[in-house]
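Both backbone and side-chain heavy atoms feed into the values below; hydrogens, waters and symmetry mates do not. In this chain, residues are counted from 1 in sequence order.
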Amino acid sequence: MTLDCPLCQSTHVVDFEQDKRRRYFRCEPCSLVFADPASRLSPKEEEAVYQQHENEISDEGYRRFLGRLADPLLEKLGSAPLEGLDFGCGPGPALAAMLEEAGHKMVLYDPYFMPDHSVLGTTYDFVTCTEAIEHFYMPHKEWGQLLSLVKPGGWLAIMTKLVIDVDAFKHWHYKNDPTHVSFFSRETFCFLAGRDGLDVDFVGNDVILLRKKNE
């Protein structure tokens with residue numbers, strides 16, 4: 001099978017792992033691990049999975065989970081009121097609520113639950129993308145879109161579980177979600193930071209803060 005990497009579009013792609021559900025590949029230049037495109041769900045099937053999520057704005061447990069990104073991001077942003085976009089906010093945009101409570105103005109976008117494409121026509125001081133990037137079927141396109149939404153000097157804040165190695169991947173629950181198709185690692189984000197002129201800061205095991213350099 002000949003595949004191009006869906007992130008950097010390299011042709012240097014190798015087999016990585018196969019389980020009972022899917023086959024997975026790894027890109028040698030950017031280290032992205034991705035599921036066989038033939039195993040993707042249809043849009044209706046994908047949305048049906050998302051509808052099962054129960055993430056409420058008032059859920060304290062969910063807020064603590066999102067705090068792993070919100071707290072370090074707020075330290076980076078400082079006290080001045082800024083404008084941010086929550087990309088892939090889902091049906092319960094708790095993170096946006098938390099950031100608004102901290103004094104910032106938030107705009108929402110989600111292809112299924114908040115499909116207002118008009119908000120994608122401007123730039124923001126910061127963009128958040130929590131537990132969404134692993135769903136990207138065409139991450140080269142969506143990554144470029146995310147970067148285009150961030151002002152020079154602004155922040156892109158991502159939360160996603162990271163690939164460690166093939167042994168850990170074999171037993172990784174994260175890959176068992178059929179809507180998870182693109183799996184990033186520290187090496188992947190370092191590749192993107194170097195290619196796209198970003199400063200990268202890894203916070204804990206699953207939060208990545210990237211700053212777009214001033215032009």
Side-chain angles (χ1 to χ4, degrees), residues 6-9 30-32 55 57 63 65-90 92-162 182 184-215:
L7 178 61
C8 74
Q9 300 186 294
C30 76
S31 299
L32 183 81
N55 298 327
I57 291 177
R63 280 175 167 251
F65 169 73
L66 294 172
R68 300 211 305 266
L69 180 143
D71 292 344
L73 175 61
L74 286 169
E75 288 184 16
K76 301 285 190 184
L77 296 179
S79 58
L82 300 174
E83 185 172 23
L85 169 69
D86 189 2
F87 188 100
C89 62
L95 178 62
M98 294 164 64
L99 295 170
E100 285 189 334
E101 290 163 8
H104 300 291
K105 180 181 178 182
M106 294 300 299
V107 177
L108 304 175
Y109 175 75
D110 188 282
Y112 288 110
F113 301 103
M114 303 281 181
D116 180 3
H117 292 274
S118 68
V119 304
L120 305 179
T122 187
T123 55
Y124 300 87
D125 299 303
F126 63 96
V127 174
T128 60
C129 184
T130 57
E131 293 295 319
I133 199 169
E134 64 275 5
H135 300 280
F136 290 174
Y137 284 172
M138 298 181 291
H140 70 279
K141 176 183 177 182
E142 291 130 334
W143 178 258
Q145 185 174 46
L146 285 174
L147 290 185
S148 73
L149 293 166
V150 181
K151 293 178 180 179
W155 291 91
L156 173 58
I158 293 172
M159 177 183 280
T160 189
K161 299 287 190 295
L162 299 177
S182 295
F184 292 68
S185 63
R186 283 188 172 228
E187 292 80 8
T188 308
F189 283 111
C190 287
F191 170 90
L192 292 170
R195 187 192 69 179
D196 298 331
L198 308 168
D199 295 322
V200 59
D201 185 10
F202 296 98
V203 182
N205 295 324
D206 59 356
V207 173
I208 306 94
L209 302 180
L210 302 115
R211 191 169 197 180
K212 195 172 186 179
K213 295 179 180 179
N214 283 303
E215 295 177 346

Participant: For Leu82 and His104, which heavy atoms make the closest approach, and how far apart are they?
Facilitator: N-ND1, 3.0 Å

Participant: Closest heavy-atom contact between Thr160 and Glu131?
Facilitator: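 Looking at all heavy atoms of both residues, the closest pair is CA-OE2, 3.9 Å.
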
Participant: For the atom pair SG (Cys190) and CZ (Phe184), what is the distance rounded to the nearest 0.5 Å?
Facilitator: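 Atom-to-atom, Cys190:SG and Phe184:CZ are 13.0 Å apart.
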
Participant: By side chain to side chain contact (heavy atoms under 4.5 Å, CB included), which residues pair with Asn214, not counting sequence neighbours?
Facilitator: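 By the side chain to side chain contact (heavy atoms under 4.5 Å, CB included) rule, Asn214 matches Pro152.
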
Participant: Quick one: closest heavy-atom pair of Cys89 and Asp86, and the distance?
Facilitator: CB-OD2, 3.5 Å

Participant: Just so I know, are the side chains of Asp196 and Trp143 near enough to count as touching, which here means a heavy-atom distance under 4.5 Å?
Facilitator: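 Yes. Closest side-chain heavy atoms under 4.5 Å.
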
Participant: Take atom CG in Asn205; do more than 12 heavy atoms of anything else shown fall under 6.0 Å from it?
Facilitator: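 No, because the 6.0 Å sphere around CG of Asn205 holds 12 heavy atoms or fewer from other groups.
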
Participant: Would you call Val107 and Glu83 a side-chain contact if the rule is heavy atoms closer than 4.5 Å?
Facilitator: yes

Participant: Quick one, Leu32 and Cys8 - any side-chain contact, counting heavy atoms below 4.5 Å?
Facilitator: no

Participant: Would you compute the distance between atom CG of Leu74 and atom CH2 of Trp155 and round it to the nearest 0.5 angstrom?
Facilitator: 12.5 Å

Participant: Applying side-chain contact (heavy atoms from CB on, under 4.5 Å) to Leu192 and Leu210, what does each step give before you reach the verdict?
Facilitator: CA-CA 10 Å; Leu192 292 170; Leu210 302 115; 5.7 Å; no

Participant: Quick one: does Phe87's side chain get under 4.5 Å of Met114's, heavy atoms only?
Facilitator: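 They are not in side-chain contact.
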
Participant: Residues in side chain to side chain contact (heavy atoms under 4.5 Å, CB included) with Ala132, at least two apart?
Facilitator: Cys129

Participant: What's the separation between atom NZ in Lys105 and atom CG in Asp125, rounded to the nearest 0.5 Å?
Facilitator: 11.0 Å

Participant: List for me each residue that meets salt bridge (charged side-chain N to carboxylate O under 4.0 Å, His left out) alongside Glu75, sequence neighbours excluded, and say none if there are none.
Facilitator: none

Participant: I'd like to check the side chain to side chain donor-acceptor pair (under 3.5 Å) partners of Arg186; sequence neighbours left out, ordered by chain and number.
Facilitator: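 Partners of Arg186 under the side chain to side chain donor-acceptor pair (under 3.5 Å) test: none.
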
Participant: How would you list, by chain and number, every residue that makes a side chain to side chain contact (heavy atoms under 4.5 Å, CB included) with Lys212, sequence neighbours excluded?
Facilitator: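 Lys212 satisfies side chain to side chain contact (heavy atoms under 4.5 Å, CB included) with Val150, Leu198 only.
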
Participant: Between atom CG of Leu156 and atom CG of Leu73, what is the distance when rounded to the nearest 0.5 Å?
Facilitator: 10.0 Å

Participant: Nearest 0.5 Å, please: how far is CE in Met138 from CD in Gln9?
Facilitator: 10.5 Å

Participant: List the atom of Leu7, the atom of Cys30, and the distance in Å for their closest heavy-atom pair.
Facilitator: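 That would be CD2-SG, 4.0 Å.
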
Participant: I'd like to know whether Lys161 forms a side-chain contact (heavy atoms from CB on, under 4.5 Å) with Glu134, so could you lay out the CA-CA distance, the side-chain angles of the two residues, the decisive distance to 0.1 Å, and finally the verdict.
Facilitator: CA-CA 8 Å; Lys161 299 287 190 295; Glu134 64 275 5; over 6 Å; no

Participant: Distance check, rounded to the nearest 0.5 Å: Phe189 atom CZ versus Leu209 atom CG?
Facilitator: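 Between Phe189 CZ and Leu209 CG, I get 10.5 Å after rounding to 0.5 Å.
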
Participant: Would you mind reporting whether Gln145 and Phe136 have side-chain heavy atoms less than 4.5 Å apart?
Facilitator: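 A side-chain contact is absent here, since even the closest heavy-atom pair is not under 4.5 Å.
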
Participant: Taking the side chain as everything from C-beta on, heavy atoms only, tell me whether Tyr124 gets closer than 4.5 Å to Val119.
Facilitator: yes

Participant: Minimum heavy-atom separation for Gly90 to Asp110, with atom names?
Facilitator: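 That closest heavy-atom pairing would be N-OD2, 2.8 Å.
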
Participant: Could you pull out the closest heavy-atom pair between Ala70 and Leu95, with the gap in Å?
Facilitator: CB-CD1, 3.8 Å

Participant: Do Val127 and Leu146 come close enough that some side-chain heavy atom pair is under 4.5 Å?
Facilitator: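 Yes. Closest side-chain heavy atoms under 4.5 Å.
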
Participant: Not counting sequence neighbours, which residues clear side chain to side chain contact (heavy atoms under 4.5 Å, CB included) with Asp199? List them please.
Facilitator: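 Scan of Asp199 (side chain to side chain contact (heavy atoms under 4.5 Å, CB included), adjacent residues dropped) gives Arg211, Lys213.
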
Participant: Report yes if some heavy atom in the side chain of Leu149 is under 4.5 Å from a heavy atom in the side chain of Leu147; otherwise report no.
Facilitator: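 No, every pair of side-chain atoms sits at 4.5 Å or beyond.
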
